[in-house]
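To keep things clear, I will list the structure first and then write my remarks on it.
This is a predicted model, so every value here is computed, not measured. Along the sequence shown, the residues carry numbers beginning at 1. Note that ligands are numbered from 1 as they come in the structure, with each ligand's atoms numbered from 1 the same way.
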Amino acid sequence: MEVVIVPDAAAGGELIATAIADLLTRKPDALLGVATGSTPLPIYTALAAKVRSGAVDAARARICQLDEYVGLPAGHPESYRSVVLREVVEPLGLGESSFLGPDGNAADITAACEAYDQALADTGGVDLQLLGIGTDGHIGFNEPCSSLASRTRIKTLTEQTRIDNARFFDDDIDRVPHHVITQGIGTILDARHLVLLATGAGKAEAVAATVEGPVSALVPASALQLHRHATVVVDEAAAAHLKLADYFRATYAAKPHWQGL
Ligand code: PGA
């Protein structure tokens, strides 16, 4: 696992957007797995700017979703489909045909989960999966004690996650769905490159447990330790509890530029 400590969220966004641009240059039709929440927004802003300036051509990029609420009406502005279309797909100049996501309104949710895993496999797999991290260490919506081998399935959100996400629902926790579809941890680990961005002091404890704690279902993000190409990008505040922070800084400072992330 590589840990990169950046000064702030904007620097993290720029660094990761550059890695995505490099990927799209090598593989123009790369499948990019995107995350929702507040943290990845600087990545999307920086990437869209690169597309607008002509620094990268994203016309053939494909985008796929990490997770989704169950039961929000189609077109609800806070469904993750709507969020990804608004924050990623449209700013990159792509259309819905470039986009893949699970159906949170399916009559048969179990079948929809299996179909999404199969669809991801049929595309040839995710090239780069962006991840945020919950204050409880979740990735996607894999809450603590999710199986590290799990596939896409329905999950029940913890009270803490519903509190954390109430800000997207006019601070009304009663409007935050209880159930979600999420790529499983095993599904996430199938991606070729995992890039987790964490910013702010509120994530410092979860980041330390992820990077320096034991691999444990109690901290789902710690499964990144099992992946051969996992990058954790953190700002100074989110790095505050890392015992090896100085080592991570020195290692990245000495890294050959050509290696990228
Ligand atoms: P956030 O969400 O980026 O809005 O903090 C992260 C997550 O829950 O994965």
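No donor-acceptor pair under 3.5 Å is formed between the side chain of Q129 and the backbone N or O of A191.
Between Y69 and F168, the gap from one ring centroid to the other reaches at least 6.0 Å.
At most 12 heavy atoms of other shown residues, nucleotides or ligands fall within 6.0 angstrom of atom CD in E205.
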For residues 180-188, please give each side-chain donor-acceptor pair under 3.5 Å, one per line with the distance, not counting sequence neighbours.
from: T182; atom 1: OG1; to: F141; atom 2: N; distance (Å): 2.9
from: Q183; atom 1: NE2; to: Q65; atom 2: O; distance (Å): 3.2
from: T187; atom 1: OG1; to: D117; atom 2: OD1; distance (Å): 3.2
from: T187; atom 1: OG1; to: T152; atom 2: N; distance (Å): 3.3
from: T187; atom 1: OG1; to: G184; atom 2: N; distance (Å): 3.3

Could you pull out every donor-acceptor pair under 3.5 Å between side chains of residues 231-245 and any protein atom, sequence neighbours left out?
from: T231; atom 1: OG1; to: H193; atom 2: NE2; distance (Å): 2.8
from: D235; atom 1: OD1; to: G200; atom 2: N; distance (Å): 3.1
from: D235; atom 1: OD1; to: A237; atom 2: N; distance (Å): 3.3
from: D235; atom 1: OD1; to: A238; atom 2: N; distance (Å): 2.8
from: D235; atom 1: OD2; to: G200; atom 2: N; distance (Å): 3.1
from: E236; atom 1: OE1; to: R249; atom 2: NH2; distance (Å): 2.7

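For residues 164-174, every residue pair satisfying the salt bridge (charged side-chain N to carboxylate O under 4.0 Å, His left out) rule, not counting sequence neighbours, is listed here: D170-R175.
Around ligand 1 you find G37, S38, T39, G132, I133, G134, H138, R167, K203, each with a heavy-atom distance below 4.0 Å.
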